[in-house]
Number of protein chains: 2
Amino acid sequence: MMSTAPRRAGRPKRSVLDRDLIVRTAFDVLRRTGPEDFTMAALAGELGVKTPALYHHVGNKTEVLSSMRELITSGIDHSGFGTLPWLDATRRWARSYRTAFAAHPHAIALLATTPVTGANPTLSMYEAVTQGFLDEGWPEELVVSAIVSLESFILGSALDAVAPADIFDTGDFAEQVPVFTQALAVRERFLGREDDASYATAVADQAFDLGLEAFLAGLSASLERLRNRPGDATAAR
Amino acid sequence: MMSTAPRRAGRPKRSVLDRDLIVRTAFDVLRRTGPEDFTMAALAGELGVKTPALYHHVGNKTEVLSSMRELITSGIDHSGFGTLPWLDATRRWARSYRTAFAAHPHAIALLATTPVTGANPTLSMYEAVTQGFLDEGWPEELVVSAIVSLESFILGSALDAVAPADIFDTGDFAEQVPVFTQALAVRERFLGREDDASYATAVADQAFDLGLEAFLAGLSASLERLRNRPGDATAAR
DNA sequence: ACCTGAACACCGTTCAAGT
DNA sequence: ACCTGAACACCGTTCAAGT
């Protein structure tokens with residue numbers, strides 16, 4: 001990339017980098033290299049600069065990663081809360097949440113570790129979702145856990161979407177695990193297999209769809225039971 | 001550790017290392033250092049040897065990691081399948097699955113990426129779980145997805161269990177997200193907070209318990225509907 | 001202010017030399 | 001066979017020197 005003549009040292013007449021360009025380019029590099037080989041040198045190379053140039057615009061590598069995180073999160077659609085019925089709003093949110101992260105699977109592990117602080121899209125999302133759950137009648141002391149448990153499923157599913165098509169390769173040991181091997185074969189026949197990439201997607205989608213509907217139905221039922229409990233003691237506030 | 005006198009070069013009279021010792025020690029080091037600083041040098045240091053000594057017993061770092069993975073997986077209890085009702089067997093499996101990985105949270109990201117091959121405890125687990133789901137009546141073309149979706153929730157939850165107690169720190173921006181901030185406060189009052197570590201555990205447990213029961217109830221309901229569908233066309237085989 | 005070039009303290013891994 | 005010591009090709013990051 002950027003195969004113009006090499007730049008000499010010294011400040012260029014027109015600056016080549018800015019923070020936004022770095023972050024956007026980071027996604028291309030991460031997708032191509034995977035998390036293992038996602039290095040500051042690779043990022044700089046794609047941008048046509050030397051590695052140290054990056055440090056004029058970002059403090060360190062972690063800062064690049066959390067900027068990426070915010071960009072991903074800002075693509076999650078929580079617009080259903082306040083306009084659609086809870087179930088539909090939650091389903092829409094969950095789907096777009098998983099899609100947002102599945103598009104950048106290598107960034108998933110980030111979410112669990114980097115704290116959510118500051119006036120960012122992530123906090124805004126939680127505000128909207130919490131309000132939506134409360135409106136539906138979720139008790140205030142459980143609402144965060146309900147959201148977090150759904151997130152766990154979503155992120156786990158996004159993680160699953162990263163898995164290679166042949167993650168379950170019983171190979172030479174098929175005879176030792178015949179039931180599992182057979183189930184894998186039936187699934188493959190059922191979903192149809194063209195190429196590895198589309199099959200991996202189909203497989204992950206089937207698990208996500210099945211799980212999401214079950215989870216949402218289960219949450220609805222739990223809420224119904226909470227609503228009807230005698231002498232409700234959790235009506236906080 | 002191992003603060004005996006430094007060893008001179010050359011083969012020691014009695015060998016100091018073996019593969020099993022390396023893997024067991026790896027858990028101690030990983031727990032203490034976190035995944036970031038989990039280096040071959042740190043592992044060697046804990047074992048009282050120089051780094052290259054490890055390569056007489058393991059091929060590379062990845063091999064150490066996947067050995068750890070197998071050790072974790074072998075601790076997952078799938079004994080309920082075939083002996084207990086499906087719901088109880090699945091609950092027991094899910095709980096022990098999450099516990100096994102929550103005990104080694106830094107190893108979670110491994111599972112999603114490293115393929116499952118060979119005659120290992122992991123394949124045996126899938127065999128038992130698949131059989132258990134089939135016995136309950138899950139259609140063969142959906143059984144793997146049902147298991148995988150549950151696993152997604154479990155692994156996502158284990159990932160959540162890694163999160164620091166203050167992962168949601170609205171901090172200076174509490175006024176901008178009042179509903180979410182209030183919900184966090186009510187949860188804290190409800191669960192009680194002694195120290196950060198135990199609070200983080202309590203918080204993660206609440207979300208997991210709530211989610212697991214909802215998910216299992218939802219899966220049961222889905223299965224019931226699948227069982228009753230008219231002119232059942234999925235009785236594969 | 002914003003780039004390069006050189007340097008620093010790491011990393012995982014290889015391999016000859018020692019016993 | 002199994003350890004050390006030295007080396008190699010990397011990493012992220014710092015900083016002086018150039019424009």
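Only this structure's heavy atoms are used, side chains among them; waters, hydrogens and symmetry mates stay out. On a predicted model such as this, the values are computed, not experimentally measured, just so you know. A note on names: the letters A, B, ... follow the listed sequences, proteins ahead of strands, and every chain is numbered from 1.
Residues passing the ring pair (Phe, Tyr, Trp, His ring centres under 6.0 Å) test with Phe180(A) are Phe168(A), Tyr126(B), sequence neighbours excluded.
Judged purely by atom type and a 3.5 angstrom limit, Glu127(B) uses its side chain to pair as donor or acceptor with the backbone of Val179(A). Looking at Arg7(B), its side chain never comes within 3.5 Å of a backbone N or O of Lys50(B) through a donor-acceptor pair.
When each of Ala9(B) and Lys61(B) is assigned the nucleotide of DNA chain C with its nearest heavy atom, Lys61(B) is the one assigned upstream, toward the 5' end.
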Check the pair Glu46(A) / Thr25(A) against side chain to side chain donor-acceptor pair (under 3.5 Å), numbers first and verdict last.
CA-CA 8 Å; Glu46(A) 178 73 21; Thr25(A) 308; over 6 Å; no
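Here the side chains of Thr181(A) and Phe173(A) are not in contact, with every heavy-atom distance at 4.5 Å or above.
In Asp195(A), the CG atom is crowded: over 12 heavy atoms of neighbouring residues, nucleotides or ligands sit closer than 6.0 Å. Counting non-hydrogen atoms of neighbouring residues, nucleotides and ligands closer than 6.0 angstrom, the CG atom of Asp18(A) exceeds 12 such neighbours.
Between Gly80(B) and Asp77(B), the shortest heavy-atom distance links the atoms N-OD1, 4.4 Å. Here the closest non-hydrogen pair linking Val203(B) and Ser145(A) is O-OG, 4.2 Å.
Non-hydrogen atoms lying under 4.0 Å from DNA chain C are contributed by Lys50(A), Pro52(A), Ala53(A), His56(A), His57(A), all within residues 50-59 of chain A. Heavy-atom distances under 4.0 Å link DNA chain D to Gly10(A), Arg11(A) of residues 10-20 of chain A, given in residue order.
When DNA chain D is scanned 5' to 3' for any atom under 4.0 Å from a heavy atom of chain B, the first and last hits are dA1(D) to dA6(D).
Aromatic ring pairs are classed by plane angle as parallel below 30°, tilted from 30° to 60° and perpendicular above 60°; the pair Phe101(B) and Tyr97(B) is tilted. Between Phe153(A) and Phe208(A), the ring planes are parallel. Angles under 30° get that label, and only those over 60° would be called perpendicular.
Listed by first and then second residue, the ring pair (Phe, Tyr, Trp, His ring centres under 6.0 Å) pairs involving residues 13-63 of chain A are Phe27(A)-His104(A) (not counting sequence neighbours).
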Encoded 5' to 3' (Watson-Crick or G-U under 3.5 Å; [ ] crossing; | other strand), DNA chain C becomes ||.|||||...|||||.||
